[in-house]
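Have a look at the structure below before the remarks.
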Amino acid sequence: SSIEEQIIKSSKQICSIFNKKFSEFSESEIKVWITDNRSDSIPDRLALFNRVFKLVTTFDLRFTQLVSILTLYNNKKGALIQVSTGEGKTFIGIGFAVLKFLNKEKVHIVTSSSVLAERDALDKTNNEIFNIFGIKSGHNGHSESDKRRRVYNECDVVYGSLNSFQR
């Protein structure tokens, strides 16, 4: 019920500095909010992510995706989630990464294959969302250790397969 309350609250959130709902923000207002980091409120941050998501993709996140993002975020011991095909695992990972980044935390996203890791790290839509927040992403599937080291040092979000993280 706590997660549901946060989702409902996020859909109605009004930002005091612009005196309007997050769902009405322009990209420039989003960047001002991010730069000034105006709120630690999870509903505020979720509403902001949903607005960026809509600006980039033209659709809102589904309830299942919002629940998954908050379930991951609210778990303080680390978590794995299982999401069915077609439910939007990629966007759930991005939402979780954004919320963690706003807490100044790095994120590792483990995928089932190095092909998926590289695809998600380099995807234009994913990077458009990340760029609005000032997030740099990369993948650790490089065969050269210098490239992998650079990814870990320079990126806020690192994608990789289980084997790549074990290496």
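Model, not experiment: these values are computed from the prediction.
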[X] to [Y] - nearest heavy-atom pair and separation:
X      : Y      : value
Ile69  : Leu99  : CG2-CD1, 3.6 Å
Gly138 : Cys155 : N-SG, 3.6 Å
Asn126 : Asp123 : N-OD2, 3.0 Å
Gly88  : Gln65  : CA-NE2, 3.5 Å
Phe22  : Ala47  : CB-CB, 3.7 Å
Ala97  : Val157 : CB-CG2, 3.7 Å

Rounded to the nearest 0.5 Å, how far does [atom2] of [Y] lie from [atom1] of [X]?
X      : Y      : atom1 : atom2 : value
Ser113 : Leu162 : OG    : CG    : 12.0 Å
Ser114 : Asn140 : OG    : CG    : 9.5 Å
Ile30  : Thr35  : CD1   : OG1   : 11.5 Å
Arg148 : Ser164 : CZ    : OG    : 8.0 Å
Asn153 : Lys106 : CG    : NZ    : 6.5 Å
Ile34  : Leu48  : CD1   : CG    : 5.5 Å

Query raised in the report: With a 4.5 Å heavy-atom cut-off, do His139 and Thr111 have their side chains touching?
Result: no
Requested in this report: Check whether any side-chain heavy atom of Phe18 lies under 4.5 Å from a side-chain heavy atom of Val32, and answer yes or no.
Outcome: yes
Report task. Can you run down the salt bridge (Lys or Arg N to Asp or Glu O under 4.0 Å) pairs that involve residues 22-34, sequence neighbours left out, and say none if there aren't any? Result -> Lys20-Glu29, Glu27-Lys31
Query - Pairs touching residues 135-145 that satisfy salt bridge (Lys or Arg N to Asp or Glu O under 4.0 Å), sequence neighbours left out - result: Lys136-Glu154, Glu144-Lys147
With [X] via side chain to side chain donor-acceptor pair (under 3.5 Å) - residues at least two apart:
X      : value
Ser68  : none
Arg149 : Asp146
Lys21  : none
Ser28  : Ser26

Query - Same apolar cluster (I L V M F W Y, side chains within < 4.5 Å links), Val151/Ile135 - result: no
**Report entry** Same cluster (ILVMFWY, side-chain, under 4.5 Å), Leu55 and Leu102
**Finding:** yes
Report task. Step by step, work out the side-chain hydrogen bond (donor to acceptor under 3.5 Å, both in side chains) result for Asn50 and Arg45. Result -> CA-CA 9 Å; Asn50 199 26; Arg45 291 175 174 190; over 6 Å; no
Query raised in the report: Any Lys/Arg nitrogen of Lys100 or Asp156 sitting under 4.0 Å from an Asp/Glu carboxylate oxygen of the other?
Result: no
Query raised in the report: What's the verdict on side-chain contact (heavy atoms from CB on, under 4.5 Å) for Phe165 and Val158, showing C-alpha distance, side-chain angles and the deciding distance?
Result: CA-CA 10 Å; Phe165 280 108; Val158 177; 4.2 Å; yes
Query raised in the report: Would the Phe101 and Phe133 ring centres measure less than 6.0 Å apart?
Result: no
Report task. Kindly say whether the aromatic ring centers of Phe59 and Phe53 come within a distance under 6.0 Å. Result -> yes
Report task. For side-chain contact (heavy atoms from CB on, under 4.5 Å), just list the numbers for Leu70 and Phe96, CA-CA rounded to whole Å, side-chain angles, deciding distance to a tenth of an Å, and then say yes or no. Result -> CA-CA 8 Å; Leu70 287 173; Phe96 172 72; over 6 Å; no
Query - Stepwise side-chain hydrogen bond (donor to acceptor under 3.5 Å, both in side chains) check, Ser137 with Asn127 - result: CA-CA 7 Å; Ser137 68; Asn127 279 296; 3.1 Å; yes
Report task. Mind running side-chain contact (heavy atoms from CB on, under 4.5 Å) on Ile109 and Asp120 for me, showing each step along the way? Result -> CA-CA 10 Å; Ile109 298 177; Asp120 287 353; over 6 Å; no
So, using salt bridge (Lys or Arg N to Asp or Glu O under 4.0 Å) as the criterion, who are the partners of [X] when residues are at least two apart?
X      : result
Lys89  : none
Glu128 : none
Glu87  : Arg62
Glu118 : none

Query raised in the report: Got a sec, which pairs hit ring-ring contact (aromatic ring centres under 6.0 Å, His included) with one end in residues 144-163, sequence neighbours left out?
Result: His108-Tyr152
**Report entry** Members sharing Leu116's hydrophobic cluster (side chains within less than 4.5 Å)
**Finding:** none
